Amino acid sequence: MAQSRKDIIAWVGSHVLPHEAAVRAWLERWTGRDQDIDDVIQEAYCRLAAMEDVTHVGNGRAYLFQTTRNIVLEQARRSKIVRIDNMTDISSLNIADEAPSMDRVVSGARELQRVQQLIERLPSKCRQVFVLRRIHGVPQREIARMLGVSQAAVEKQATRGLKLIMNALERDAPMEDSEGDFGERSRDRTRDR
């Protein structure tokens, strides 16, 4: 029996998403090219989103590394040119191959496209924080410094973005939010008094 999309999304958010920075660091050591890293991470999320059930996964971190490793191996097989030290790095992970079926991959790609559209519709500051924090793995402190806001504001916007996206996916409807970027509407109301 397939799990609900809500449960799978919640599982990815709590068991996989926190480990993206570690996977990115491993990929950077392996490939050294940002575009390749983004492509591999995107493909990994497509595959995860295509899953019908995650109850069989005991360790989200290991599963993300395994999925990423499989993608890198597939790319290496296609390119036929691989540095030997990279292959040693991959084999040291020692993770079994459990690649999802093609229909799961396609389904995941559609779901990822939906998530990308939802991210694009987030309020401006919320989207900026969400992308930096959740997609690029930039530390909260660094985002706060870059944007000139408190770390609490960064945390609030990253969480808000994730909730808006998860709610929209659950409803399969457009996002609705009453508060503007970093609470600007509520501040505007105060100024109008």
Side-chain angles (χ1 to χ4, degrees), residues 5-49 60-61 63-65 67-68 71-72 108-193:
R5 298 307 311 155
K6 178 182 176 183
D7 291 342
I8 292 172
I9 292 167
W11 179 84
V12 169
S14 62
H15 292 89
V16 175
L17 201 57
H19 306 293
E20 182 181 324
V23 170
R24 282 183 177 277
W26 175 77
L27 285 169
E28 189 172 320
R29 284 191 308 271
W30 192 79
T31 65
R33 296 194 320 244
D34 287 339
Q35 183 60 39
D36 290 344
I37 293 170
D38 290 340
D39 290 346
V40 170
I41 294 293
Q42 181 176 355
E43 178 64 23
Y45 279 123
C46 284
R47 291 183 184 188
L48 291 169
R61 176 184 169 91
Y63 202 86
L64 179 60
F65 269 93
T67 302
T68 305
I71 293 165
V72 170
R110 285 189 197 122
E111 185 115 2
L112 183 61
Q113 184 178 21
R114 170 85 169 123
V115 170
Q116 287 172 327
Q117 290 169 349
L118 293 172
I119 289 170
E120 290 171 10
R121 292 199 320 245
L122 286 171
S124 176
K125 286 286 187 185
C126 183
R127 179 179 58 246
Q128 186 178 16
V129 168
F130 184 84
V131 168
L132 287 170
R133 182 76 182 117
R134 300 291 185 175
I135 296 177
H136 296 294
V138 176
Q140 190 169 297
R141 178 178 292 153
E142 180 66 16
I143 297 170
R145 186 191 63 73
M146 288 168 48
L147 300 178
V149 297
S150 70
Q151 288 187 48
V154 171
E155 182 177 354
K156 176 184 174 188
Q157 291 302 314
T159 302
R160 178 175 162 224
L162 186 59
K163 284 181 181 178
L164 287 169
I165 290 167
M166 290 175 67
N167 288 340
L169 287 172
E170 184 179 323
R171 298 191 305 270
D172 198 35
M175 287 185 295
E176 296 173 8
D177 185 28
S178 60
E179 188 178 302
D181 299 345
F182 284 105
E184 286 178 4
R185 286 189 187 152
S186 61
R187 276 187 261 138
D188 289 344
R189 277 188 239 123
T190 305
R191 278 189 233 135
D192 292 341
R193 289 183 188 165

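Computed from a predicted model, the values in this text were never measured in an experiment.
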Asks: Hey, could you give me the CG/CD distance between D7 and E170, rounded to the nearest 0.5 Å?
Replies: 9.0 Å
Asks: For L122 and I165: C-alpha separation, side-chain torsions, deciding distance, then whether side chain to side chain contact (heavy atoms under 4.5 Å, CB included) applies.
Replies: CA-CA 8 Å; L122 286 171; I165 290 167; 4.0 Å; yes
Asks: Between V149 and V154, is the side chain to side chain contact (heavy atoms under 4.5 Å, CB included) condition met? List the steps.
Replies: CA-CA 7 Å; V149 297; V154 171; 3.7 Å; yes
Asks: Ion pair present between R114 and E111, side-chain N to carboxylate O less than 4.0 angstrom?
Replies: no
Asks: Using side-chain heavy atoms (C-beta onward) and a distance below 4.5 Å, is Y63 in contact with V12?
Replies: no
Asks: Ignoring hydrogens, what is the shortest heavy-atom contact between A44 and L64? Give both atom names and the distance.
Replies: CB-CD1, 4.2 Å
Asks: Going by atom types alone, do R160 and Q157 pair a side-chain donor with an acceptor below 3.5 Å?
Replies: yes
Asks: For the pair R24 (side chain) and I135 (backbone), establish whether a donor and an acceptor sit closer than 3.5 Å, ignoring hydrogens and angles.
Replies: yes
Asks: Flag the pair E43 and R47 as a salt bridge only when some basic side-chain nitrogen lies within less than 4.0 angstrom of an acidic carboxylate oxygen.
Replies: yes
Asks: Give the intermediate values and the outcome of side chain to side chain contact (heavy atoms under 4.5 Å, CB included) for residues V23 and E20.
Replies: CA-CA 5 Å; V23 170; E20 182 181 324; 5.6 Å; no
Asks: Got T67 and V16 here, is their nearest side-chain heavy-atom distance under 4.5 Å?
Replies: no
Asks: Which is it for W26 and T68 under the side chain to side chain contact (heavy atoms under 4.5 Å, CB included) test, yes or no, and what are the steps along the way?
Replies: CA-CA 10 Å; W26 175 77; T68 305; 4.0 Å; yes
Asks: Without swapping roles, check the side chain of R61 against the backbone of H15 for a donor-acceptor pair under 3.5 Å.
Replies: no
Asks: Are the side chain of Q140 and the backbone of Q151 linked by a donor-acceptor contact shorter than 3.5 Å?
Replies: yes
Asks: Testing the basics here: between P18 and S14, what is the closest heavy-atom pair and its distance to 0.1 Å?
Replies: CG-O, 3.5 Å
Asks: Would you say R134 and I119 make side-chain contact, with heavy atoms under 4.5 Å?
Replies: no
Asks: Of all the heavy-atom pairs spanning L48 and W11, show the shortest one and how long it is.
Replies: CD2-CZ3, 4.5 Å
Asks: Can you measure from NE2 (H136) to CD (E142) and round to the nearest 0.5 angstrom?
Replies: 13.5 Å
Asks: Can you name the one residue among T159, I143, V138 that meets side chain to side chain contact (heavy atoms under 4.5 Å, CB included) with R133?
Replies: I143
Asks: What's the shortest heavy-atom distance between A158 and V129, and which atoms?
Replies: N-CG1, 3.8 Å
